[in-house]
Engineer: 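One structure, as structure tokens, below. Some questions next.
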4 protein chains.
Amino acid sequence: MPKNIIEELIDQNDHLTEKQRLILEAAVESFAEKGYAGTSTSEIAKKAGVAEGTIFRHYKTKKDLLLSIVAPVMTKLIAPFIIKDLNKVLNQDFERVEDFLRAMIINRAEFLNANIPLFKILIQELPFQPDLQKQLKEQIALKIYEKTKEITLHYQKNGQLLEMPPYRIVRMTATSIFGFLLGRYILFPEFDWNDEEEIEATIQFIMYGLARKGEAPEQA
Amino acid sequence: MPKNIIEELIDQNDHLTEKQRLILEAAVESFAEKGYAGTSTSEIAKKAGVAEGTIFRHYKTKKDLLLSIVAPVMTKLIAPFIIKDLNKVLNQDFERVEDFLRAMIINRAEFLNANIPLFKILIQELPFQPDLQKQLKEQIALKIYEKTKEITLHYQKNGQLLEMPPYRIVRMTATSIFGFLLGRYILFPEFDWNDEEEIEATIQFIMYGLARKGEAPEQA
Amino acid sequence: MPKNIIEELIDQNDHLTEKQRLILEAAVESFAEKGYAGTSTSEIAKKAGVAEGTIFRHYKTKKDLLLSIVAPVMTKLIAPFIIKDLNKVLNQDFERVEDFLRAMIINRAEFLNANIPLFKILIQELPFQPDLQKQLKEQIALKIYEKTKEITLHYQKNGQLLEMPPYRIVRMTATSIFGFLLGRYILFPEFDWNDEEEIEATIQFIMYGLARKGEAPEQA
Amino acid sequence: MPKNIIEELIDQNDHLTEKQRLILEAAVESFAEKGYAGTSTSEIAKKAGVAEGTIFRHYKTKKDLLLSIVAPVMTKLIAPFIIKDLNKVLNQDFERVEDFLRAMIINRAEFLNANIPLFKILIQELPFQPDLQKQLKEQIALKIYEKTKEITLHYQKNGQLLEMPPYRIVRMTATSIFGFLLGRYILFPEFDWNDEEEIEATIQFIMYGLARKGEAPEQA
DNA sequence: AATGAATGAGGATTCATTCAT
DNA sequence: AATGAATGAATCCTCATTCAT
């Protein structure tokens with residue numbers, strides 16, 4: 001079960017040659033490091049150990065190469081964030097919101113950690129690729145909204161979550177989780193993180209906020 | 001009282017020519033739209049209605065032009081943290097954390113709203129500009145952390161905030177605020193936002209989390 | 001047996017493309033005519049019948065192109081001093097100084113005549129290319145001086161040359177030979193020269209200024 | 001009695017402003033150091049401490065500036081080499097060739113020493129300025145030939161010089177003197193020269209190659 | 001399929017020159 | 001006379017892309 005999307009891409013596409021694999025890997029590394037516009041195809045060719053022409057035999061243009069990398073990320077990285085784990089929740093695997101959140105954070109953290117370069121590329125190029133923006137907004141965001149509404153309603157019905165528009169609950173939860181992951185893996189990866197403690201604190205925060213009150217429920 | 005940094009730049013630097021203003025404005029627009037590496041100087045010149053050589057009379061290199069735009073954002077970004085807000089907190093101008101947060105969110109929202117293109121540029125170029133990274137990490141982030149630590153300790157002492165490492169409180173608060181601002185101004189600006197309600201909900205979330213409990217305090 | 005250095009370059013480097021040959025020839029012609037700084041790469045490309053980019057595929061920079069032309073001149077310039085002529089002198093192939101000088105003049109005249117454009121380039125660019133200056137002074141000049149010192153000492157020992165610091169004998173001989181070659185091939189090539197007579201006169205001039213003869217007047 | 005040609009230029013042209021002087025001096029320095037094509041007008045302006053536009057108020061083009069420097073050198077530096085000192089000789093100030101040569105060498109050495117930058121410029125630019133070449137060949141060279149013929153004939157008549165075409169005697173003499181000056185002031189100025197000894201040796205070299213003596217071996 | 005030499009449009013930057021002040 | 005901001009052509013060089021091998 002490969003977590004790395006590039007490996008998945010290669011595994012799933014049997015027709016991919018060795019050279020194509022090398023090109024893809026080199027491109028991911030370079031794009032993540034210097035950005036799409038800041039990376040030259042000759043650089044990629046050199047890093048991949050192939051001739052310049054070989055790249056264009058497999059990818060019609062440089063942008064084609066980028067899209068062949070980024071597009072799968074969109075569907076593989078973001079969609080599952082919501083969809084795959086959602087089923088477990090709906091199947092009652094997690095009675096409490098806390099448990100759902102914990103599973104989600106750990107799962108996504110592993111996933112992000114295995115795909116950091118891809119993530120960087122996605123974030124960097126989104127603003128300049130209207131195609132991707134559209135795809136992200138219309139397909140992914142829509143799915144998220146529909147599915148999370150179900151989750152939210154589920155936990156709201158059994159009294160675990162406040163009555164609040166689902167989009168807002170999703171935003172706040174996602175924001176808090178992503179804020180943690182961003183600091184953990186992108187901004188300060190060199191910091192000495194105590195992952196378990198930090199994850200529990202994040203869950204606590206999402207659930208019970210920051211206020212200290214005498215009558216507050218059990219806090220960590 | 002202009003909130004827009006480019007306007008401030010022009011107002012404060014009397015020696016800035018009309019041409020320089022045009023160049024700066026064109027550069028901001030282009031960089032925000034297509035990224036630094038994706039924008040050519042000839043493009044900027046054309047958009048500014050200026051000869052290409054004129055750009056290089058005022059900014060030695062293209063990167064110089066970028067830095068003259070981005071650097072001020074970094075310092076202006078943290079100005080209120082350092083100068084105004086800490087004193088207000090210590091002077092009891094904000095007795096309750098909620099009030100402090102509300103002021104902060106509104107203040108930063110205004111700032112962000114007035115400088116969206118600059119922000120996009122800053123975020124896009126940070127990964128590729130080690131200069132900026134260093135400046136941000138060593139100077140800006142450190143100052144923010146020191147000041148927010150003081151604020152946090154202040155509210156922890158008078159019992160309004162949980163006992164928790166300040167960096168974590170700062171992260172969670174910042175994450176939640178930035179998550180709101182991101183959705184509001186960058187990702188879905190066209191959505192019909194009820195700003196006041198959303199801000200109050202964000203404050204509530206930071207303070208009291210998402211859990212519904214019988215003994216929970218008054219919720220919005 | 002090509003005397004022309006460019007031809008040698010091409011003959012010796014089998015990997016040199018047709019295009020590279022054209023570029024080299026065009027560059028030599030242009031540099032000799034208008035100087036290095038006065039020649040544009042687009043000009044060279046046009047004259048060579050090649051795309052401008054092709055130049056930079058073979059020579060990383062314009063200066064690289066210059067050096068690839070000039071550097072060989074420096075080494076070929078001294079080849080006969082080092083390799084052939086010294087041995088001939090020591091082996092008594094040239095019993096008399098006159099014979100050695102005659103051989104040297106003819107040899108260098110042929111060489112110069114076959115490489116006039118290269119020579120012009122070398123002389124023109126020396127003052128502005130510290131690399132070349134250093135190379136010339138430290139490597140070439142030193143080797144020439146060492147070898148010529150040996151030759152001088154040889155002829156001084158057998159009584160054919162005056163007792164005088166070798167550097168001075170070298171200077172005066174070189175000066176006289178180079179003075180002839182300069183007039184003959186660079187300054188007044190269109191003049192109707194009687195080569196044999198001029199060479200003999202030059203030898204005579206050198207000799208009967210340097211020759212030690214009993215009847216000579218007071219010498220310094 | 002200024003020996004420096006630039007000073008002379010300024011002294012003789014009363015209409016030259018302070019700024020023009022500064023420009024001329026800066027241009028001479030820069031051209032000598034980096035060549036005409038390698039020097040930018042803005043560089044000259046900065047070194048002269050004037051505005052860029054000021055240069056073009058006084059010299060219509062960059063080449064105009066060069067010619068205003070180089071042209072006088074041609075007439076002042078080379079013509080006097082022959083003409084001025086010639087009169088002394090013809091006036092019998094120097095009975096012996098040796099004395100004439102000594103006076104000539106010393107005079108020209110001083111002159112060259114005072115005008116090294118100008119000299120470098122002249123030599124560097126001659127190959128690329130057909131105007132100057134023509135001027136040099138037709139005017140200067142012609143005068144040289146006429147005048148030196150007189151000198152040569154004079155000393156040939158009174159038996160001090162060999163019977164030989166005057167151009168050849170001039171070439172060999174000039175070559176030897178210039179060879180010394182070149183080494184002394186241009187190539188190896190940092191070397192510890194014993195000027196007097198070197199000059200005498202040069203004279204001896206010239207003389208006892210050219211002198212007609214009963215005991216001399218067969219001459220051409 | 002793979003190569004890599006060749007291309008030429010386009011990139012950032014420089015520069016001689018102009019002109020309004 | 002002097003300035004220096006402005007110009008835009010030209011410079012060196014890079015790069016995505018093509019194509020003969």
Side-chain angles (χ1 to χ4, degrees), chain A residues 15 17-20 22-23 37-46 48-65, chain B residues 15 17-20 22-23 37-46 48-65, chain C residues 15 17-20 22-23 37-46 48-65, chain D residues 15 17-20 22-23 37-46 48-65:
Chain A
H15 63 276
T17 61
E18 173 74 3
K19 302 268 176 188
Q20 282 195 66
L22 291 169
I23 291 169
T39 302
S40 72
T41 49
S42 78
E43 214 175 322
I44 295 171
K46 196 180 292 173
V50 301
E52 288 195 58
T54 307
I55 292 176
F56 291 90
R57 182 149 293 278
H58 294 293
Y59 304 93
K60 214 147 56 94
T61 66
K62 189 188 171 192
K63 180 162 277 183
D64 252 37
L65 176 55
Chain B
H15 63 276
T17 338
E18 173 73 5
K19 303 267 176 186
Q20 280 196 64
L22 292 168
I23 292 170
T39 303
S40 73
T41 50
S42 77
E43 215 175 322
I44 296 172
K46 199 178 290 174
V50 163
E52 209 173 343
T54 306
I55 293 176
F56 291 92
R57 176 156 283 278
H58 295 294
Y59 304 92
K60 225 146 53 94
T61 65
K62 189 188 170 193
K63 182 164 277 181
D64 248 41
L65 176 56
Chain C
H15 63 275
T17 339
E18 173 73 3
K19 304 266 175 187
Q20 279 195 66
L22 292 169
I23 292 169
T39 303
S40 73
T41 50
S42 78
E43 215 175 322
I44 296 172
K46 200 179 291 174
V50 163
E52 207 175 344
T54 307
I55 293 176
F56 291 93
R57 176 156 283 277
H58 295 294
Y59 304 92
K60 225 147 52 99
T61 65
K62 190 189 169 192
K63 182 163 276 181
D64 248 40
L65 176 56
Chain D
H15 63 276
T17 59
E18 172 74 4
K19 303 266 176 188
Q20 282 195 63
L22 291 168
I23 291 169
T39 303
S40 72
T41 49
S42 78
E43 215 175 323
I44 296 171
K46 198 181 291 173
V50 300
E52 288 196 61
T54 308
I55 292 177
F56 291 91
R57 183 149 293 277
H58 294 294
Y59 304 93
K60 216 146 56 92
T61 66
K62 190 189 171 192
K63 182 162 275 183
D64 253 38
L65 175 57

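Throughout, a chain's letter reflects where its sequence line sits, starting with A, and its residues are numbered from 1.
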Engineer: Are D:T17 and D:H58 packed together at the side-chain level, in the sense that at least one heavy-atom pair is separated by less than 4.5 angstrom?
Structural biologist: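 Result yes, sub-4.5 Å side-chain heavy-atom pair found.
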Engineer: Can you see which heavy atom on D:V50 is nearest to which on D:I55, and at what distance?
Structural biologist: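 Closest approach of D:V50 to D:I55: CG2-CG1, 4.4 Å.
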Engineer: Starting at CD1 of C:I44 and ending at P of F:dT11, how long is that distance when rounded to a whole Å?
Structural biologist: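 In whole Å, F:dT11 P and C:I44 CD1 are 11 Å from each other.
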Engineer: What is the distance, rounded to the nearest whole Å, between atom OH of D:Y59 and atom P of E:dC15?
Structural biologist: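 Atom-to-atom, D:Y59 to E:dC15, this comes out as 21 Å.
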Engineer: Taking atom P of F:dT11 as reference, at what distance in whole Å does atom CG of C:L65 sit?
Structural biologist: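 Taking CG of C:L65 and P of F:dT11, I get 16 Å after rounding.
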Engineer: Where the side chain of D:V50 is concerned, which of F:dT3, E:dA2, F:dT17 is the nearest nucleotide?
Structural biologist: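 From the listed options, F:dT3 comes nearest.
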Engineer: Counting side-chain heavy atoms from CB outward, which of F:dT17, F:dC12, E:dT17 is closest to D:T61?
Structural biologist: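 The answer is E:dT17.
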Engineer: About how many Å separate OH of A:Y59 and CD1 of A:I23, when rounded to the nearest 0.5 Å?
Structural biologist: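 So the gap between those two atoms works out to 6.5 Å.
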Engineer: Does B:R57 put a side-chain nitrogen or oxygen below 4.0 Å from OP1 or OP2 of F:dA5?
Structural biologist: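 Answer yes for this pair, as a side-chain N or O of B:R57 is under 4.0 Å from OP1 or OP2.
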Engineer: Hey, does the side chain of D:T41 come within less than 4.0 Å of E:dC15's phosphate (OP1/OP2), counting only N and O?
Structural biologist: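 For E:dC15, neither OP1 nor OP2 has a side-chain N or O of D:T41 closer than 4.0 Å.
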Engineer: Where does DNA chain F pair, written as one dot-bracket string 5' to 3', with Watson-Crick or G-U pairs under 3.5 Å, ( ) inside the strand, [ ] for crossing pairs and | for another strand?
Structural biologist: .||||||||||||||||||||
Engineer: Rounded to whole Å, please give me the gap between CD in D:E43 and P in E:dT14.
Structural biologist: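 Distance check: D:E43 CD to E:dT14 P gives 12 Å.
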Engineer: Quickly work out the C:K46 NZ to E:dA9 P distance and round it to whole Å.
Structural biologist: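 In whole Å, E:dA9 P lies 13 Å from C:K46 NZ.
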Engineer: Indicate whether the side chain of B:S42 and that of B:E52 have a donor and an acceptor atom separated by less than 3.5 Å.
Structural biologist: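 Result is no, nothing qualifies.
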Engineer: Would you say D:K60 reaches E:dA16's phosphate, i.e. side-chain N/O to OP1/OP2 under 4.0 Å?
Structural biologist: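 Checking E:dA16 against D:K60, no side-chain N or O comes under 4.0 Å of OP1 or OP2.
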Engineer: Taking only the side-chain nitrogens and oxygens of A:K19, find out if one of them lies under 4.0 Å from OP1 or OP2 of E:dT3.
Structural biologist: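 A:K19 to E:dT3 OP1/OP2: side-chain N or O found under 4.0 Å.
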Engineer: Calculate the interatomic distance between B:Q20 atom CD and F:dG4 atom C1'; express it in whole Å.
Structural biologist: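 My rounded result for the distance is 13 Å.
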Engineer: In terms of the nearest nucleotide of DNA chain F, which residue is placed more toward the 5' end: C:A37 or B:A51?
Structural biologist: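 Final value for this comparison: B:A51.
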Engineer: Tell me: CG of D:L22 to P of F:dA1, nearest whole Å?
Structural biologist: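 Distance check: D:L22 CG to F:dA1 P gives 16 Å.
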Engineer: Just how far is it from atom CG of B:L65 to atom CD1 of B:I44, taken to the nearest 0.5 Å?
Structural biologist: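 The distance works out to 5.5 Å.
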Engineer: Among E:dA12, F:dA16, E:dT17, which nucleotide has an atom closest to any side-chain atom of D:F56?
Structural biologist: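 Of the options given, the side chain of D:F56 lies nearest E:dT17.
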Engineer: With respect to the phosphate group of F:dT3, does any side-chain polar atom (N or O) of D:T54 fall under 4.0 Å of OP1 or OP2?
Structural biologist: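 For F:dT3, OP1 or OP2 has a side-chain N or O of D:T54 closer than 4.0 Å.
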Engineer: So which one's nearest nucleotide on DNA chain E is more toward 5', D:G53 or A:T17?
Structural biologist: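 This one resolves to A:T17.
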Engineer: Rounded off to whole Å, could you give me the CD1-to-C1' distance for the D:I55 and E:dC15 pair?
Structural biologist: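 Rounded to whole Å, this separation is 12 Å.
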Engineer: Of the nucleotides E:dG4, F:dC13, E:dG11, which has the atom closest to the B:S40 side chain?
Structural biologist: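 Closest nucleotide to the B:S40 side chain: E:dG11.
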Engineer: Rounded to the nearest 0.5 Å, what's the gap from CD on A:Q20 to CZ on A:R57? Could you check?
Structural biologist: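 So the gap between those two atoms works out to 11.5 Å.
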